[in-house]
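What follows is a set of notes on a single structure, which appears directly below.
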Amino acid sequence: MTAEIIDGKAIAKQVREEVAQEASALDANGVTPGLATVLVGDDPASHVYVRSKRKACAEVGIKAWDHDLPASTPQAELVELLDRLNADPQVHGILVQLPLPEHVDEQVVLDRVDPAKDADGFHPYNLGRLLSGEPVVAPATPAGIQELLIRSNVETSGAEVVVVGRSNIVGKPLAALMVQKGPGANATVTVCHTGTRDLEMHTRRADILVAAIGRAKAITGPMIKPGSAVIDVGINRTDDGLVGDVDFEAASEIASAITPVPGGVGPMTIAMLLRNTVKLARRTMGQPG
Ligand code: NDP
């Protein structure tokens with residue numbers, strides 16, 4: 001079997017076009033959606049992500065404010081900046097790029113973002129809404145994975161979904177999304193991590209296998225159920241260039257559908273961040289997200 005490639009780039013383009021239309025409709029009503037990004041320090045990967053997020057904002061008609069701060073920025077200064085952004089009516093979404101420098105308590109900073117402006121959906125209030133099945137905005141990467149599955153016609157209802165990785169930004173919120181009763185969800189979800197006793201036993205029965213591990217090619221061919229859909233979240237820089245968490249060549253002989261790296265989940269993350277920002281802007285007009 002040669003798997004169908006789930007083209008994240010093409011699907012993200014569709015989503016961005018829809019977001020551009022929504023942004024333009026809001027703009028015509030006097031509200032230009034605005035996203036403020038806060039980047040602290042010199043992490044090269046973070047700079048790449050934030051640059052592409054800002055470029056994408058410009059393309060869909062979202063106004064972007066860039067706050068690039070030195071790694072030495074005291075936590076109190078960061079909190080003050082967030083308070084100013086929270087109070088600014090032109091700012092509808094705030095994105096704090098993670099990771100933050102070690103002297104900054106990440107949770108204190110994420111908690112400070114007004115939940116109504118939380119473009120990444122990482123505030124405990126929004127995570128709680130997600131868990132209760134009434135999300136305002138869902139974290140961008142998990143929301144992007146769900147959108148990829150829906151738009152690729154991968155059946156999730158009743159499917160065995162196995163997520164490898166339990167981070168707060170990917171694994172856990174994805175599990176919370178997929179277990180809900182509703183379209184693009186209604187799955188039986190298993191979350192695996194380094195404490196999982198027999199990883200392969202779980203992955204081999206996954207109809208939908210999501211790898212969010214951060215280890216190049218950690219998911220090998222024998223770990224994959226024939227005919228399954230494989231979603232590779234991993235981005236690993238190796239001597240061979242960027243590779244995912246899945247051995248793509250082996251997996252594409254076994255799975256029925258698979259996301260490539262790059263060009264799979266990555267572009268969807270940015271598209272969903274834009275969608276979240278427009279949603280938050282719409283909510284300030286009293287319209288449902
Ligand atoms: P984290 O490092 O926060 O989490 C990794 C998870 O994988 C942990 O839960 C860890 O378990 C688990 N894990 C590690 N090794 C194993 C193993 N051998 N067996 C089972 N589980 C294992 O990573 P993130 O979730 O932040 O990111 C994961 C990957 O996705 C990275 O490559 C990252 O670059 C990429 N990423 C891509 C995005 C995109 O837009 N495409 C967005 C965000 C991330 P434990 O908890 O026990 O330590």
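As a basis for the values below, the full set of heavy atoms in this structure was taken, side chains included, without hydrogen atoms, waters or symmetry mates. Numbering of ligands and ligand atoms starts at 1, following listing order.
- Distance check, rounded to the nearest 0.5 Å: CG of Asp88 to CH2 of Trp65 gives 6.0 Å.
- Within the model, atoms CD of Gln97 and OG1 of Thr37 stand 8.5 Å from one another, a figure rounded to the nearest 0.5 Å.
- In this structure, the separation between CD1 on Ile150 and OG1 on Thr156 is 7.0 Å, given to the nearest 0.5 Å.
- With rounding to the nearest 0.5 angstrom, the NZ atom of Lys172 is 15.0 Å from the CG atom of Leu177.
- To the nearest 0.5 Å, atom OG of residue Ser256 and atom CG of residue Asp207 are 9.5 Å apart.
- Residues of the protein with a heavy atom under 4.0 Å from ligand 1 are Thr141, Val164, Gly165, Arg166, Ser167, Ile169, Val170, His193, Thr194, Leu199, Ala212, Ile213, Gly214, Arg215, Val233, Gly234, Ile235, Asn236, Val265, Gly266, Thr269, listed by chain and number.
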For residues 265-274, which side-chain N or O atoms pair as donor and acceptor with protein atoms under 3.5 Å away, sequence neighbours left out?
from	atom 1	to	atom 2	distance (Å)
Thr269	OG1	Thr141	OG1	3.0
Thr269	OG1	Val265	O	3.4

